[in-house]
Chemist: 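Below you will find the structure I want to go over with you.
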Protein chains: 2
Amino acid sequence: VVLDVGTGSGILAIWSAQAGARKVYAVEATNVAEHARELVRANGVADIVEVIQGTMEDIVLPEKVDVIISEWMGYYLLRESMFDSVICARDRWLNPGGVMYPSHARMWLAPIRSGLGDKKMEDFEIAMNDWNHFVEDTQAYYGVNMNALTKAYRAEHEKFYLKSSIWNNLHPNQLIGQPAVVKEMDCLTATVEEIREVRAQVTLPINQDRTRLAALAGWFDVHFRGSKQNPAVEEVELNTAPDENGGTHWGQQVFLMTPAPRVNEGDSINVSFSMVRSKENHRLMDMDITYELHEASGRKLPAVATKIFLE
Amino acid sequence: VVLDVGTGSGILAIWSAQAGARKVYAVEATNVAEHARELVRANGVADIVEVIQGTMEDIVLPEKVDVIISEWMGYYLLRESMFDSVICARDRWLNPGGVMYPSHARMWLAPIRSGLGDKKMEDFEIAMNDWNHFVEDTQAYYGVNMNALTKAYRAEHEKFYLKSSIWNNLHPNQLIGQPAVVKEMDCLTATVEEIREVRAQVTLPINQDRTRLAALAGWFDVHFRGSKQNPAVEEVELNTAPDENGGTHWGQQVFLMTPAPRVNEGDSINVSFSMVRSKENHRLMDMDITYELHEASGRKLPAVATKIFLE
């Protein structure tokens with residue numbers, strides 16, 4: 001007996017029925033539920049798959065389930081905060097000994113080189129130039145001094161161009177050092193508290209000479225490993241790391257370091273990382289990244305702190 | 001004494017003070033109010049302009065006003081439905097004999113030629129082709145038949161590509177006939193009821209030979225004429241009609257006729273037009289346009305009805 005959390009078109013639920021489930025409960029909050037129902041009928045599994053429109057928090061199932069499946073992953077795993085609903089589903093409806101698919105998840109962080117920082121800085125400067133011309137013209141032709149807003153305008157554009165994380169499909173040759181795991185999670189035991197605030201300290205060794213730390217990049221992988229009691233027959237991994245054979249729609253998230261420090265092989269970066277749910281919109285995340293560059297020579301540079309918005 | 005409804009940056013309120021107002025109340029619902037306050041101070045009119053954060057429905061002024069100014073116009077005049085707040089301001093706070101600026105507004109409709117219809121039809125066909133390949137691949141490689149959703153997918157894409165009004169800055173030479181007014185409004189007496197549903201019957205004479213009625217186009221003008229009691233010293237007009245010297249940010253709205261009938265000089269089009277506030281989102285509008293082509297020869301073609309969404 002399977003529960004699919006956020007079934008969307010219903011495709012995972014249909015596959016579950018095709019794979020031999022006795023019963024599949026496919027829960028969807030939006031009106032897409034109607035289309036899922038249609039697709040379930042058209043694929044001849046209406047006797048197995050029951051589409052239920054509602055939120056995980058509100059709906060009631062007639063029985064507990066053995067397996068929970070869900071495609072809940074957002075950009076850098078946690079954006080969208082849909083895993084809350086999966087936790088709710090697990091705590092309300094999973095049988096003792098039941099399994100979660102995916103069963104495990106990891107968030108990665110890595111130092112990269114990239115031209116995106118220069119591009120964004122240029123865009124930012126063009127925007128500020130346009131603003132300055134607007135201020136001059138508004139004074140000259142319309143007799144109103146707009147300069148009082150320049151500071152607020154700059155802050156907003158810094159946030160938009162330089163402090164917002166950027167979606168990108170990176171090539172593996174953009175990695176300039178070792179990736180590290182900043183969060184590891186067992187979906188069977190994870191709590192809302194532990195995903196609301198992710199904090200980590202990691203050391204990222206640089207393995208390229210004469211380059212710049214343009215950014216840190218974040219991605220995730222999830223595993224279909226089952227549980228100790230009920231391991232998967234064959235373990236499957238979904239990995240969204242930079243891949244020369246092409247990426248996924250998740251891509252990677254790029255967190256710009258401006259200015260970008262020069263780094264060399266043998267250097268290492270101590271990163272203190274936090275990612276906290278935004279107070280203004282719980283589906284978005286506020287990140288604080290502080291890094292200290294330790295040069296191979298033994299010199300240690302002052303810590304640099306950056307705020308990044310994962311929007 | 002002036003009231004500015006939806007002051008935004010405060011620019012109209014500052015101009016009012018510069019033009020000699022004794023007092024200006026500048027009302028703004030959003031946090032932009034803070035920036036308006038800053039701008040008012042920086043421009044030395046803080047003793048005249050008072051920025052009040054709140055909605056017109058909720059706030060209280062210490063006195064009635066002589067003039068209400070507002071930049072409330074959306075695409076095709078009524079999109080965004082901000083004029084409701086202006087009506088509320090007028091009914092609550094305008095002195096008898098007071099004036100509205102703008103004081104009058106008109107909505108226009110005209111027959112045009114345009115390549116946008118062919119472009120959108122092509123985009124629509126590409127989208128449907130992509131969908132059909134997706135259905136084939138999903139059946140072949142993943143064993144799920146998605147064809148049950150083809151009808152709904154087509155309907156959604158027809159709405160998006162063909163039935164949604166399109167922003168465009170038209171050139172006057174794209175007009176193939178006489179524009180007509182579909183709505184005329186005196187801002188001093190207009191009611192919420194009359195803008196919630198705009199209905200009109202107009203005849204549009206075609207004045208170009210061997211062309212196609214690709215679309216109807218809509219735009220508006222507003223006048224700063226004052227009232228009979230208090231006429232403006234100098235009447236000003238803001239016109240968003242197609243203009244060879246360049247357009248405004250409002251542009252015009254293009255309502256595609258698909259298929260586009262052949263028309264000739266001497267033909268005329270009887271249009272029955274309605275524009276009703278959308279039930280799903282009161283800031284958007286649902287339009288029904290039915291036209292009958294009367295050929296110069298005397299032949300009358302069957303009526304064609306189109307639904308258009310102004311989003």
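These numbers come from a predicted model, not from an experiment. Naming: A, B, ... by sequence-line order, numbering from 1 per chain.
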Chemist: Got more than 12 heavy atoms from elsewhere within 6.0 Å of CZ, F309(A)?
Modeler: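 Yes, the 6.0 Å shell around CZ holds more than 12 heavy atoms from other groups.
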
Chemist: Is it the case that over 12 heavy atoms from other parts of the model lie below 6.0 angstrom from the CD atom of E156(A)?
Modeler: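 At most 12 heavy atoms, drawn from other residues, nucleotides or ligands, come within 6.0 Å of this atom.
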
Chemist: Please determine, among G10(B), A42(B), G143(B), the option with the most heavy-atom pairs under 4.5 Å with chain A.
Modeler: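 The answer is G143(B).
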
Chemist: Near F160(A) CZ, under 6.0 Å, is it more than 12 heavy atoms from other residues, nucleotides or ligands?
Modeler: no

Chemist: Which atoms form the tightest heavy-atom contact between W15(A) and Y142(B), and what is the distance?
Modeler: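 Between these two residues, the closest heavy atoms are NE1-O, 2.9 Å.
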
Chemist: Provide the closest heavy-atom pair for A148(B) versus E38(A) in the form atom of the first, atom of the second, distance.
Modeler: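 Scanning both residues completely, I find the closest heavy atoms to be O-OE2, 3.0 Å.
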
Chemist: Are any side-chain N or O atoms of N43(A) and backbone N or O atoms of N145(B), one a donor and one an acceptor, separated by less than 3.5 Å?
Modeler: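 Yes; at least one donor-acceptor contact below 3.5 Å.
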
Chemist: Counting only heavy atoms closer than 4.5 Å, note whether Q18(B) contacts chain A via side chain, backbone, both or neither.
Modeler: side chain

